[in-house]
Structures are given as structure tokens and as C-alpha cells.
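What follows is one structure encoded as C-alpha cells, with my remarks underneath.
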2 protein chains.
Amino acid sequence: MEAKELLRTHVTKSASLTEEQFDYFFSHFQKQDFKKGQAIITAGDTVNCEYFVISGCLKSFYINEDIKMFILQFAMPTWWASDYSALYNNTKASINVDCITDAEVLCLSNDDREKLCNELHQVEHFFRWRTNRGYVAAQKRLLSFMNNNVKYRYEELLKLYPELYNIVPKNLIAAYLGVSRETLSRLYTS
Amino acid sequence: MEAKELLRTHVTKSASLTEEQFDYFFSHFQKQDFKKGQAIITAGDTVNCEYFVISGCLKSFYINEDIKMFILQFAMPTWWASDYSALYNNTKASINVDCITDAEVLCLSNDDREKLCNELHQVEHFFRWRTNRGYVAAQKRLLSFMNNNVKYRYEELLKLYPELYNIVPKNLIAAYLGVSRETLSRLYTS
DNA sequence: CTGTTTATGTGATGTAGGTCACTCCCCTAC
DNA sequence: GTAGGGGAGTGACCTACATCACATAAACAG
């Protein structure tokens, strides 16, 4: 079973679960399919779930008052996405999540995650490490933002995730880098 | 006992530990005193510990090739600081931590944290939630960076942490906002 | 197949913030 | 006391990137 194996491999990198424990863990996930362009979380929504990507590519993004989009994260297979601020604090979404390509995801509710963390120490361990890595990555990105110019950040991104180049249009890359699509376009032409 | 109470109050906000469990937890921390300007972690060091601030104010910062400083975080009482990338991945520090004012901290080693997380499920729960909050805060700051100008970010910072205004010199505030001290200085004068 | 939307390039011009250079002030160490 | 260093203000000039406007080509729906 494709999705189950992907999740198992991912989780057992930082936690050791028995076969039965993983089966129990997995039984709380719900498989969902989405089409390219479809919204998963929309600003203003109540947020109940986080999503583990099996195939395809998602983006989580913020739209400001001037309808300008800022991309917080792309999510490729084995990545997680949600509006974590809304999910953890039980508030309305301020972030959107949608599909850059057709996508299959596994959906886990906030309540089930907390229940599983309570019941299985190793699950709590797994989620601690997942967030640890996310935190360190967010700090790195923040530093790169302050320290490096657009060209450097663009090359850094493509070096880290070369697969994005073929999947994600340049205007979205620009929204991730926090520059206008025009500036990104001019980087290698003029 | 001052430091112990501060830590207890902080921890029990997101985890329930019995008196004995907390005593055991606390026994792994080591009290340390630092003077204004003293370094706690220097880039290139091996990083073994994270630090819980009891009194005073720390900063964690990165120095680039042009000797320009970027501040990742200020740390006031009940905040934690370290080079988490180095700490978690067991690599050399690329981040510095030092004291803006005289400071008292509680120091917890990486090994002890992992040991405690293993022995006490509630401790693992606490650290998961601590990082969750950190992750959400880092994402918020990233968004504010992309979306807002310096003046807005400065006012947002002072609204969130008014105590910084009296403790932290403006050139350090500028380094936190990712802007030159001259630009920050000009915000309200011209 | 065709009209419409989406992605991308490019010129002209505007602007926020950077850099450099100089000044003044206050604090602390001797 | 005074010398020296750090914090802070400010003028002159520079530059990276934004914005607007227009053009073109590919992708996509009817």
C-alpha cells in the first residue's frame, strides 16, 4: 500500500513504532484526492486537520490587503502542510493551502494528533522532531532573507529543491522569494 | 527559590508534572551567571546546551562575511535560546548568543533533554509545544518581513515587546528588523 | 478550433532603504 | 579629571527592487 508505506518510512526516521502501533497510528489518517488548483484550506475557515502529502505539490500562502500573495511553503511528497497557527490555537485560518498540481494527501485531525501523542509516547517524539526541523528551517530562511539578495536566494532554493523548477511556475517562485515576478524574470536575461 | 519557580510556572503552562517529576526535571539544569557583553555561544563552538533565561536579556545573532550582524532573537526571562541547528544536528555553531545585559540562565544539555524526554512523556510534550510556538512565531515573522515595511515592523515589535525599548539599543533593534541603523534612526525624525 | 486565461519577458520610471562620511553625546575606565 | 568607545542623528548619493504598461506565447475550456 503506497501511501501507508510512504508515511511509515517517513515516521520511522525519527520514531520507533511497532507494526501494531503504526497500524493504529495510520488508522487515524484519511486519504483525500485533490485536483490542480483546488483549495484545501481557505482564509477564514475553521482548521481541523494537517495534511501529509503523498503525491503532487501544495502551497501554503498568505494574501494581503493588496491581494498580493506570499508563499510560506511548498509541500512535496512526505512534507506536511496546514495553517499551524490556526490549528494549534483553534482560531480561523489566515493562511490558504491549495494544490499546484493534482495531489493525494493523508489528513490527520488536530484532536486525533493530540490523542495519538497522548497514547503513544513515540508519536509525540515524532511530532516534536518534525517541528524541531521545521523551526530550524524557518530560522534559516529568515536569515537568508535578511542576508542574501534575490539571485542568491533563488539559486539556493533550486539547489535545495531542484524538482520545484519543473513543477512550479516562476510567478509562484517569486512569491516564495518575496519579490515581484518581473524582478525574478530579469535575473538571468538582462 | 526564584529560578525554580520561574521554570515551574513556565513548564506547567503546557505540561502537567508532579512535584517529584518537576524536581527531577529541574535537577538537570545548571544555574549560570553572565555579565553584560559576555558570550554564551560563539560561532565555531561545539554546542551542548540550551539556555532558559531567568533574568536579563540575551540575543542570538549571525555575523556574515561583511561582519554585518543579523539578530535572530532576543531572549527575555522565560525565553529559551541556543543555536538549535547546531544543537539538534550536533554540528558546530554558526550562530552566536551573548548578553545584552547581566543575565542569569538555567542551562540544560542536549543529552539531558533527550534523556528527560524519554523518561517523562510530559517533558516531551512540553518541548513539543515549546517548539510549536516557536515555529508559528518564526513563520509570522517571515510573513511580516515579506509583507510589511520597516516602520510597521518596528511598531509591531515594540507593541509585542514594549520592554525591549528600554533595554535594547536601537542599533540592535535595527539588526533584528534587518535594516541599517541609519534607516531606523530616520523613521521618526525626517 | 477558438476565445480566454495564465505564464513570461521587457522597457520606463519611481522609491525604500543602503552606504559612507561626519558630528555630537554620554558613559566608563584609568 | 580626561581619553576613548559606543550609541545615535543626519546629509549626500547610490542601488536593488517595485510598479505600471504593454507584448507574446502557451495552456485550457467551451
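We name chains A, B, ... by the order of the sequence lines, and we start the count at 1 in each one. Treat the numbers as computed from the prediction; the structure is a model and nothing was measured.
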Is the shortest distance from a Lys or Arg side-chain nitrogen in [X] or [Y] to a carboxylate oxygen in the other one below 4.0 Å?
{"X": "A:Arg8", "Y": "A:Glu5", "result": "yes"}
{"X": "B:Asp83", "Y": "B:Lys92", "result": "no"}
{"X": "A:Glu156", "Y": "A:Lys140", "result": "no"}

Looking only at side-chain atoms of [X], point me to the closest of [options].
{"X": "A:Lys170", "options": "D:dC17, D:dG9, C:dT8", "answer": "C:dT8"}
{"X": "B:Arg181", "options": "D:dC28, D:dG7, C:dC22", "answer": "C:dC22"}
{"X": "B:Val150", "options": "C:dT19, D:dT19, C:dG17", "answer": "C:dG17"}

Inset, instruction - Tell me what A:Lys68 touches on the nucleic acid: a base, only sugar-phosphate, or nothing, going by heavy atoms under 4.0 Å. - result: sugar-phosphate

Inset, instruction - Using a 4.0 Å heavy-atom cut-off across all strands, classify A:Gly178 as base, sugar-phosphate, or nothing. - result: sugar-phosphate

Legend entry - Under 3.5 Å donor-acceptor pair, A:Glu182 side-chain atoms to D:dC17 base atoms: no

Inset, instruction - Classify the side chain of A:Arg186 and the base of C:dG9 as holding, or not holding, a donor-acceptor pair under 3.5 Å. - result: no

Inset, instruction - Take A:Leu184 and B:Leu172, find for each the nucleotide of DNA chain D with the closest heavy atom, and name the residue whose nucleotide sits nearer the 5' end. - result: B:Leu172

Can you see if the side chain of [X] gets near the phosphate of [N] - specifically, an N or O under 4.0 Å from OP1 or OP2?
{"X": "B:Asn171", "N": "D:dA8", "answer": "yes"}
{"X": "B:Asn149", "N": "C:dA16", "answer": "no"}
{"X": "A:Thr183", "N": "D:dC17", "answer": "no"}

Legend entry - Reference residue B:His10; test ring pair (Phe, Tyr, Trp, His ring centres under 6.0 Å); the match among B:Phe52, B:Phe29, B:Trp79: B:Phe52

